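Okay, structure first, notes after.
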Amino acid sequence: MFIPVGKTKQKLPSISLSLSLSLSLSLSLVIFMEETLSSSSIAHSVWMDDGLPNLKASSSDLRGVPDEGDSIQDCFDSMLCFPGSRLVLSGLRDADCRDDIVMVVNAGGNMIKGQGHQINFQGDSFFEGGDVLTSDEKIFEGGDYSCLYQSVRYGNFCYTFNNLDPGDYFLDLHFAEIVYTNGPKGIRVFDVFLQEEKILSGMDIFSIVGANNPLQLVDVRVSVAKDEDVVISFKGISGSPVVCGICIRKATTLVAPPRGLESQICNNCASEIIVSPTQSRGQSFSMKLTSRYEKKIQELTSQFKLKNDECHQAWMLLTSANEQLEQLRMDMDNKLFQTETLEQAVEKQTDNFRVVSERYEHDKKLWVAAINDLEGKIKTMKQEHSQLSQEAHECASAIPDLNKMLIGVETLVAQCEDLKIKYGEELARRKRLYNQVQEMKGNIRVFCRCRPLSKQEVSSGYSTIVDFEGAKDGDIGILTGGSTKKTFKFDRVYAPRDGQGDVYADASPLVTSVLDGYNVCIFAYGQTGTGKTFTMEGTEQNRGVNYRTLEELFKISGERKETISYSISVSVLEVYNEQIRDLLATSPSSKKLEVRQAAEGFHHVPGIVEAKVENIKEVWDVLQAGSNARAVGSNNVNEHSSRSHCMLCIMVRAKNLMSGECTRSKLWLVDLAGSERLAKTDVQGERLKEAQNINRSLSALGDVISALATKSSHVPYRNSKLTHLLQDSLGGDSKALMFVQISPSENDLGETLSSLNFASRVRGIELGPAKKQIDTAELQKIKQMLEKVRQECRIKDESIQKLEENYQNLENKLRGKDQLCRNLQEKNKELEGQLVSKGELQNFSERQQWQLSEKLKGKEEMCMTLHQKVKELENRMKEQQHSGSLILQQKVKELENKIKEQLRSESMAEQKFRELEHKLKEKLRTEMNLEQKVLLFGIYTFFQA
């Protein structure tokens, strides 16, 4: 940091002036204090419990504490505000526990039993506000009751003692710093008030005794009148106040001052004043203090003179350094001027060099452009020459290749036709074998599925009556009572642990039959609550047969899309009270839906909604819409019983892209209503009518099954809407699968046996071989396609004739191209001669370019040498500047450090003067107070006399 000379000259006189003023002020204060002491000649005294006057907070009053210096004494004087009180730097001992103790309160702690005089320390009481803190650390100098100082009450609080007898008492307060054991000083400063009169001011425990050390305030006298309370308040200045204990002792009454007092003459008014020997000792003590402060002031003035001389020397050094710095600045300016002239010369040379280089670059670009133009023309001429020669060769070799191509095309067409015929035969054979396997298993297959026991059935104590030992072989046993068991045989038996995927795995082969053109029917039969709807529909997380069937249809149709195109549509019906309801209809219709037979022989329901589906998401939306619209009700068997037959019809139209064959098949997925008897449902009214219609339709289904089993000539399909709709899929030319759902509970034994007997009858039906449902409407389309194929053959014959004509034309063109080829060869020779001449020109331009580049290199070398010289000059200038600036910086720093030290010492001296002034002012205040109290005491003695 650089300090100007002028500012330093102005600052030093101001410092000396302030120091001289402070010295004169301090001396005047000392003289005033001496005059005050000589005029009053009496120090302030208070009456102790023995009736003798004593100086406030003198070192001899501290119980067992030697004189530790003026700083501790001054600290005590500033804190104590009550006459006669003392600070004791030790803990409570048994010797202090006299008979005059009224009570001792352990602030923040419990009761302590006394040792010597059997004085009991009461637990914390009589307080208002504050909190409690305790410590387990050891208390040093804690006396006989160190545990008293291990608990404190802290915060802004007060103690109120209200049952004291009238009279005089002594109050002792016990303190210890057990919280902020590492300080620092001033972290906890507080005031203490007794009866709203301050007795301690700015109390700082840590600054007096440190941490974990006791401190006592003793002999605070208080007078109590009748029905008067003693209130001790603690208020924080910095941090929260604390107190460890409060002791109240009986005090003796005040007596008159004893005889033997000395008399002194006042220096101001020449009056005689009576003083005690203790007061005279206090006066001598204050005189000693003033003489001590005068010596300190003399020492400080001598130090000030030395510092002033050092500052003057530093100022002289600074002025010389500034002169040297100005000289260096002049040298720097000269060097800078020289460097600027050199830079200007270098800039002129660089400008000349830049002009030469720009000319060279411009000429170089022109030559390069001319050479590139010539090279481009040569390349284009070479490409044209190669293309012409290639065309000539192609024309020559095109005649034999054309014949080979025609022969290859004919052979490929023949092979393709042969492969089509073989593929069609293989596809038909595969379908025939697959359907034969299905027919060998039986056209009506019966699968039995048993649900697990429900929580209600388990809590009611019902047991399982179903035996699954032969389930793998298709056998299921029913315990009819005691040890008797009835066995039934089916194509497949599913235990409760088998999932939806296992069930569909056995039913999936029928899905391919639908895609091959066969009618298929899959229906679930059983009493209410056995899981028919769950098997057919399932849930969103666990799909049933309906969803999985459509998913399989889309999967297989995607695999066959290159050979067969499929169109799939879905209808959802409901047979409710022998009425057909369309569950996909957006608005209810008054028109009654009936089953009709089309001209082609299949049955359908006119007016029903057929939703065309393209993906599985659309399928799920359709199934959800139909399931939500289905009629359900509650009975004794199931709370949400299906009160209708839900029928999902999937129409599949297929077209073989290879053979042109078209099929139209139908897949019925039926969730029948519950087959339980009327006596078990216990329904009435509308629910009774629903149950009667359900049983009537199921009876009609049983009649159809019986007629098919006996191979009767008449099958009563029209007795019910359910059987009439399923006529196409239950007849002799279709395939059928039945899921019989049963309950394992012994409570449903009768219904379970009834369902299994019905399923056994269904399994015995032989429908005969199924027939493919060929769409007759497509036959006409096939015939039309054959006619189109014949017409295409005729068109192809005509195109072959045209190809032959084109072949002759190509031969004629080939002869003309040969002639062109000869002409082009002649042109090529001419172009080669032109290329040779252009090559010579290019060599000449390259020589000129080399000469120019050589000249350019010479100029570049000259430029490099100039740059090097400039860099050397710059480095020399930088080195000179750096060395000069470093020397100057070091000198300036040394001067700054010296000046800082001088200023620091001056500030320390000023601080000491201020502290001395402050202490002298405080002494004067205390002496003034003492003087006033002595005058009061003199008046008191006068009236006593």
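Fair warning: this is a prediction, and the values are worked out from it, not measured in the lab.
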* To do: Could you walk me through whether Leu698 and His645 pass the side chain to side chain contact (heavy atoms under 4.5 Å, CB included) test, one step at a time?
  => CA-CA 10 Å; Leu698 293 175; His645 307 296; 4.0 Å; yes
* Give the C-alpha distance, both sets of side-chain angles, the deciding distance and a yes or no for side chain to side chain contact (heavy atoms under 4.5 Å, CB included) between Phe488 and Val493. => CA-CA 10 Å; Phe488 295 90; Val493 175; over 6 Å; no
* Please test Asp467 against Ile478 for side chain to side chain contact (heavy atoms under 4.5 Å, CB included), starting from the C-alpha separation and ending with a verdict. => CA-CA 6 Å; Asp467 182 15; Ile478 305 298; over 6 Å; no
* Go through Asp621 and Gln624 one step at a time and tell me if the side chain to side chain contact (heavy atoms under 4.5 Å, CB included) criterion holds. => CA-CA 5 Å; Asp621 295 339; Gln624 282 292 102; 5.8 Å; no
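Using a 4.5 Å heavy-atom cutoff, the side chains of Leu553 and Ile650 are in contact. Looking at Glu578 and Ser697, their side chains come closer than 4.5 Å, going by heavy atoms from C-beta outward. For the pair Arg763/Lys489, a side-chain contact is recorded, criterion being any heavy-atom separation below 4.5 Å from C-beta on. Side-chain atoms of Cys649 and Lys666, non-hydrogen and from C-beta on, do get closer than 4.5 Å to each other. Using a 4.5 Å heavy-atom threshold, the side chains of Phe490 and Leu756 count as touching. Annotation: side chain of Leu722 is in contact with side chain of Leu672 (closest heavy-atom distance under 4.5 Å). Within the 4.5 Å cutoff, no side-chain heavy atoms of Lys532 are placed close to those of Phe739. Ile742 has its side chain within reach of Cys448: a pair of non-hydrogen atoms, C-beta onward, lies under 4.5 Å apart.
The main-chain N or O of Gly499 is found under 3.5 Å from a side-chain atom of Asp502 such that the two form a donor-acceptor pair. Side chain of Ser712 to backbone of His714: a donor-acceptor contact under 3.5 angstrom is found. Counting only distance, with no hydrogens or angles, the side chain of Asn757 and the backbone of Leu753 share a donor-acceptor pair below 3.5 Å. Proximity of a side-chain donor or acceptor of Ser754 to a complementary backbone N or O of Gly750 within less than 3.5 Å is not detected. Side-chain atoms of Asn577 never come within 3.5 Å of backbone atoms of Gln579 as a donor-acceptor pair (strictly under, hydrogens ignored). With Tyr462 contributing its side chain and Asn747 its backbone, the two residues share no donor-acceptor pair below 3.5 Å.
A pairwise comparison of heavy atoms in Val762 and Val446 identifies CG1-CG2, 4.0 Å as the closest pair. The two residues Leu657 and Glu562 have their closest heavy-atom pair at CD1-O, 3.7 Å. Closest non-hydrogen pair, Ile522 versus Met536, comes out as O-CE, 3.9 Å. Closest approach of Val503 to Tyr494, counting heavy atoms only: O-OH, 3.6 Å. Listed here is the closest heavy atom pair of Gly626 and Leu584: N-CD2, 4.3 Å. Scanning all heavy atoms of the two residues, the minimum distance from Tyr504 to Val545 falls at CE1-O, 4.2 Å.
Within a 6.0 Å sphere centred on NZ of Lys561, other residues, nucleotides and ligands contribute 12 heavy atoms or fewer. Around CZ of Phe468, the count of heavy atoms belonging to other residues, nucleotides or ligands within 6.0 Å exceeds 12.
There is no side-chain donor-acceptor pair under 3.5 Å between Ser508 and Glu552. No hydrogens or angles considered: a donor-acceptor pair under 3.5 Å links the side chains of Ser706 and Arg761.
Rounded to the nearest 0.5 angstrom, Asn519 CG and Lys735 NZ are separated by 10.5 Å. Going from atom NE2 of His724 over to atom CZ of Arg596 covers 8.5 Å, rounded to the nearest 0.5 Å.
Here Glu537 pairs with Ser627 under the side-chain hydrogen bond (donor to acceptor under 3.5 Å, both in side chains) rule; sequence neighbours left out. Looking at residues two or more places apart in sequence or on another chain, you find a ring pair (Phe, Tyr, Trp, His ring centres under 6.0 Å) between Trp620 and Tyr547. Scanning for ring pair (Phe, Tyr, Trp, His ring centres under 6.0 Å) contacts around Phe523 gives an empty result, with sequence neighbours left out. Residues passing the ring pair (Phe, Tyr, Trp, His ring centres under 6.0 Å) test with Phe758 are Tyr525, sequence neighbours excluded.
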Side chains of residues 449-460: which donor-acceptor partners sit under 3.5 Å, not counting sequence neighbours?
| from | atom 1 | to | atom 2 | distance (Å) |
| --- | --- | --- | --- | --- |
| Arg449 | NH1 | Gln500 | OE1 | 2.8 |
| Arg449 | NH1 | Thr535 | OG1 | 3.0 |
| Arg449 | NH2 | Gln500 | OE1 | 3.3 |
| Arg451 | NE | Gly529 | O | 2.8 |
| Arg451 | NH1 | Glu457 | OE1 | 3.3 |
| Arg451 | NH2 | Glu457 | OE2 | 2.8 |
| Arg451 | NH2 | Ser743 | OG | 3.0 |
| Ser454 | OG | Glu457 | N | 3.3 |
| Ser454 | OG | Glu457 | OE1 | 3.4 |
| Glu457 | OE1 | Ser454 | N | 3.1 |
| Ser459 | OG | Lys455 | O | 3.2 |
| Ser459 | OG | Gln456 | O | 2.8 |
| Ser460 | OG | Gln456 | O | 2.9 |

Side-chain atoms of residues 606-617: list all donor-acceptor pairs with protein atoms under 3.5 Å, sequence neighbours left out, distances to 0.1 Å.
| from | atom 1 | to | atom 2 | distance (Å) |
| --- | --- | --- | --- | --- |
| Asn615 | OD1 | Lys617 | N | 3.2 |
| Asn615 | OD1 | Glu618 | N | 3.0 |

